[in-house]
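Shown next, in structure tokens, is the structure this report addresses.
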Amino acid sequence: MRKTTSTLAAASLALAAALAAPAAHAADYAIDPTHTFVTFEIDHFGTSTNRARFDKKEGTVSFDRAAKTGKVEITIDTTSVNSGTPPFNKHLQSADILNAEKYPTAKFVGDKFVFNGDKVAEVSGNLTLLDKTLPVTLKANKFNCYQNPMLKREVCGGDFETTLTRSQFGVTYGLNYGFSDNVRLVIQVEAVKQ
């Protein structure tokens, strides 16, 4: 009986210690727009690659490396699409492609983080574009956190990418000409710990 009592007492103390221990908490980060770019690439008749980026974007990241959990939200201003060629920008903004007047924003919300050690390897969530929401997984080509010497704060980020089937979002322009249905989406992101 004495052995059972001391075993129960030890278990109770261990449980109390576990409950009293500080819980892991997610840290909040704000997207740094000067180091965050959303770029897309699409094949052009098998000869070259058309590229453009969105100049305006904002968002937040919250993640806990110990618990291996997190959430990211990035909002993209589709009217800010920039290919470097003004006439092409207008076509990208038109109803043929992004329909930016009707849908001025696109949004990615990711809440399933996969880690490789303490580094984020991929983030899965949903992308809303042209009022259609579909699942997307962004794979990290690289990821790192560092102490920024100028900001005196931790900064985390990386290069992420995925391939979208644009017709699933209703963007079918040029398919009948032979343009690719696949679009490579690249997100270079850095976020500052708050």
Side-chain angles (χ1 to χ4, degrees), residues 29-62 70-113 120-143 155-192:
Y29 298 76
I31 298 289
D32 176 359
T34 64
H35 289 91
T36 300
F37 296 97
V38 179
T39 306
F40 63 89
E41 302 176 352
I42 186 167
D43 179 77
H44 189 248
F45 290 110
T47 58
S48 62
T49 303
N50 284 334
R51 292 179 176 89
R53 76 179 194 193
F54 298 96
D55 289 335
K56 295 179 184 174
K57 61 277 161 188
E58 61 183 20
T60 58
V61 178
S62 175
K71 183 172 185 178
V72 59
E73 291 190 23
I74 297 178
T75 301
I76 301 158
D77 180 344
T78 58
T79 68
S80 73
V81 67
N82 184 357
S83 67
T85 306
F88 188 34
N89 293 347
K90 284 188 178 181
H91 191 217
L92 288 169
Q93 292 171 5
S94 76
D96 281 345
I97 302 173
L98 291 170
N99 204 355
E101 186 176 342
K102 187 172 182 182
Y103 305 109
T105 61
K107 187 170 189 176
F108 174 74
V109 178
D111 59 1
K112 294 175 187 71
F113 280 47
V120 178
E122 65 180 44
V123 179
S124 295
N126 291 303
L127 175 65
T128 302
L129 176 66
L130 294 161
D131 206 30
K132 290 184 175 56
T133 301
L134 294 170
V136 168
T137 296
L138 299 172
K139 294 190 187 267
N141 293 325
K142 61 181 174 180
F143 181 88
V155 174
C156 293
D159 288 342
F160 293 81
E161 73 172 84
T162 191
T163 299
L164 305 175
T165 305
R166 64 188 177 98
S167 60
Q168 292 181 334
F169 292 94
V171 183
T172 58
Y173 177 82
L175 291 178
N176 58 329
Y177 300 150
F179 290 162
S180 177
D181 198 12
N182 292 331
V183 176
R184 181 174 176 243
L185 182 69
V186 178
I187 300 178
Q188 166 197 334
V189 61
E190 291 194 24
V192 182

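Every heavy atom of this structure was used, including side-chain atoms; hydrogens, water molecules and symmetry mates were not. Since we're looking at a predicted model, the values are computed, not measured.
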task: Could you walk me through whether Val61 and Cys156 pass the side chain to side chain contact (heavy atoms under 4.5 Å, CB included) test, one step at a time?
output: CA-CA 9 Å; Val61 178; Cys156 293; over 6 Å; no
field: side chain to side chain contact (heavy atoms under 4.5 Å, CB included) evaluation trace for Asn182 with Thr165
entry: CA-CA 5 Å; Asn182 292 331; Thr165 305; 3.8 Å; yes
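Using a 4.5 Å heavy-atom cutoff, the side chains of Leu129 and Leu98 are in contact. A 4.5 Å side-chain heavy-atom check between Glu122 and Phe160 finds every atom pair outside the cut-off. Taking 4.5 Å as the limit, every side-chain heavy atom of Val38 sits out of range of all side-chain heavy atoms of Phe108. The closest side-chain heavy-atom distance from Val155 to Asp32 is not below 4.5 Å.
A donor-acceptor contact shorter than 3.5 Å is absent between the side chain of Thr105 and the backbone of Ile76. In this structure, the side chain of Arg166 engages the main chain of Val171 through a donor-acceptor pair within 3.5 Å. Looking only at distances, a side-chain donor or acceptor of Lys57 sits under 3.5 Å from a matching main-chain atom of Asp55. One N or O on the side chain of Gln93 and one on the backbone of Thr79 form a donor-acceptor pair closer than 3.5 Å. Not one N or O on the side chain of Ser83 forms a donor-acceptor pair closer than 3.5 Å with the backbone of Asn50. Judged by distance alone, the side chain of Asp159 and the main-chain N or O of Gln188 form no donor-acceptor pair under 3.5 Å. No donor-acceptor distance shorter than 3.5 angstrom exists from the side chain of Arg184 to the backbone of Asp43, with no hydrogens or angles considered. Checking side-chain atoms of Thr36 against main-chain N and O of Pro33 turns up no donor-acceptor pair under 3.5 Å.
The aromatic rings of Phe179 and Tyr173 sit tilted relative to each other, their planes meeting at an angle between 30° and 60°. Relative ring orientation between Phe54 and Phe40 is described as tilted, the plane-to-plane angle lying within the 30° to 60° band.
Here CD of Glu101 is found 10.5 Å from OG1 of Thr78. Values are rounded to the nearest 0.5 Å. Distance check, rounded to the nearest 0.5 Å: OG of Ser62 to CG of Asp111 gives 11.5 Å. Distance check, rounded to the nearest 0.5 Å: CD1 of Ile97 to CG of Leu92 gives 5.0 Å. In this structure, CD on Glu190 lies 10.0 Å from CD1 on Ile31, to the nearest 0.5 angstrom. The CG atom of Leu127 sits 11.0 Å away from atom CD of Gln168, with the distance rounded to the nearest 0.5 Å.
Thr162 meets the side-chain contact (heavy atoms from CB on, under 4.5 Å) test with Val136, Leu138, Leu164, Leu185; sequence neighbours excluded.
Nearest heavy atom pair, residue Val109 against residue Lys107, reads CG2-CE, 3.9 Å. Residues Ala52 and Val81 come closest through the heavy atom pair CB-CG2, 4.1 Å. The nearest pair of heavy atoms linking Asp181 to Ser167 is OD2-OG, 2.7 Å. Across all their heavy atoms, Phe113 and Val123 have their closest contact at CE1-CG1, 3.7 Å.
The closest side-chain donor-acceptor pair between Asn126 and Thr133, if any, does not fall under 3.5 angstrom.
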